[in-house]
There are 2 protein chains.
Amino acid sequence: MRKHRGKPANSDLAELVHGSMAGELGFHLRRGQIAAFRQFARTITTTEGVTPGLYGMLQVIANNPGLSQSALAVAMDVDRSSIVKVVNQLEEKGLIVRDTSPTDRRRYCLHMTPPGVQALARIEQAVMRQDQDFSARLSDAERGTLIGLLKRLYRQDSETPANVRE
Amino acid sequence: MRKHRGKPANSDLAELVHGSMAGELGFHLRRGQIAAFRQFARTITTTEGVTPGLYGMLQVIANNPGLSQSALAVAMDVDRSSIVKVVNQLEEKGLIVRDTSPTDRRRYCLHMTPPGVQALARIEQAVMRQDQDFSARLSDAERGTLIGLLKRLYRQDSETPANVRE
DNA sequence: TATTGTTATACTCTATAACTATA
DNA sequence: TATAGTTATAGAGTATAACAATA
């Protein structure tokens, strides 16, 4: 998580021109996402020690109990080797457990622990509050519009037919 | 830049539930941005060898000729020590030059080279085309609405009074 | 004293490849 | 043969701290 630095002391940096990027959707998307990460870091990560990625992982485990590490890796869109350390951390924190699968001894079934469920419930409240604060400048209707437009954007990426490999 | 892997072979991963994240703006913002990065990687990075960050840096240099490395660092929101390697790369590629400042011998003035200008013009065309493709599912009006809503979101982050340090 | 660019160093996140134990 | 989890290793990308030259 990058630390958020304040405004620069150099006032001659204030009026930088961004050229054609000002018209690019990707540019504004990136900036919006960076702003969202920052606010998450200021509020949730500082108080709960959980990054957006870790929070997402907890939500996926909580909402899909018993899923394997490989399944979690796909859900998080990272390699399964990259999942190991993170799952270790969540386990060491006592938030989740690796149950051995009764049917396949290669595989772990990931579950929340009772303290994990409790922690997630608390974090979830904070995240939802923070998310509302973040979009405080938008009306409820505008917020809904924005989410709807974003979904239509990124779904084009995930609606590739499953039998087609790139 | 992360490589984009195709759909998983495991079909049991298709229906993962995301719980309360489905209602969080930050979640959809992140997914939208990841999708945008991916398309950029598929198109621009593959053909031009330029990441979104490098492209942004070239645009800032091109549109603010003579700026210092420190100014560029502020514009990119990274530490000035992190800028050195990237500026080296752009210089080695012959896209920019470090001119010594006539008034301050500590400082470099960054400028595009003629080949750099040419390369950026070509990349910019590709980026704008790619950006249009990315939002092909939106009408022009919807695209404008989306950009407008995003601006209102992230500007709350940058409209902090300059004299207030966090 | 403060600032600019630089270097050394470390940390995080991620990927690739190879290994093991299962299937 | 293929899959699940793991390890070793490497590469981005970034930060912090300290330094020399200059202001």
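Convention: sequence-line order gives letters A, B, ...; per-chain numbering from 1.
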TODO: Name all residues meeting the side chain to side chain contact (heavy atoms under 4.5 Å, CB included) criterion together with B:Ser139; count only those two or more places apart in sequence or in a different chain, and write none if there are none.
DONE: B:Ala141, B:Glu142
Open item on the list: What is the distance, to the nearest angstrom, from the CZ atom on B:Phe37 to the P atom on D:dA12?
Closed with: 16 Å
Task: With sequence neighbours excluded, residues passing side chain to side chain donor-acceptor pair (under 3.5 Å) with A:Glu91 - done: A:Arg98
TODO: Just compare C:dG5, D:dT6, C:dA15 and give me whichever is closest to any side-chain atom of A:Arg98.
DONE: D:dT6
Task: Residues within residues 81-92 of chain A bordering DNA chain C, heavy-atom distance below 4.0 Å - done: A:Ser81, A:Ser82
TODO: Using whole Å, report how far CG of A:Leu72 lies from P of D:dT3.
DONE: 19 Å
Task: Non-neighbouring partners of A:Thr46 that pass side chain to side chain donor-acceptor pair (under 3.5 Å), sequence neighbours left out - done: none
Open item on the list: From the set D:dG13, C:dG5, C:dA15, return the single nucleotide nearest to any side-chain atom of B:Gln69.
Closed with: C:dG5
Task: Interatomic distance where CG belongs to B:Asp79 and P belongs to C:dA8 [whole Å] - done: 16 Å
Task: N-O pairing of A:Asp131 and A:Arg143 below 4.0 Å - done: yes
- [ ] Round to a whole Å and report the spacing from CZ of B:Arg107 to C1' of D:dA20.
- [x] 17 Å
TODO: Apply side chain to side chain contact (heavy atoms under 4.5 Å, CB included) to A:Gln118 and list each qualifying residue two or more places apart in sequence or on a separate chain.
DONE: none
Task: Summary of protein contacts for nucleotides 18-23 of chain C, nucleotide by nucleotide, where a base hit scores B, a sugar-phosphate-only hit scores S (4.0 Å, heavy atoms) - done: ---BBS
- [ ] State which residues pass side chain to side chain contact (heavy atoms under 4.5 Å, CB included) with A:Thr47; sequence neighbours excluded, sorted by chain then number.
- [x] none
Task: Non-neighbouring partners of B:Ser81 that pass side chain to side chain donor-acceptor pair (under 3.5 Å), sequence neighbours left out - done: B:Asp79
Open item on the list: Using the side chain to side chain donor-acceptor pair (under 3.5 Å) criterion, which residues pair with A:Gln59? Sequence neighbours excluded.
Closed with: A:Tyr55, A:Asn63, A:Glu124, B:Ser20
TODO: In whole angstrom, give the distance that lies between atom CG of A:Asp99 and atom P of D:dG5.
DONE: 13 Å
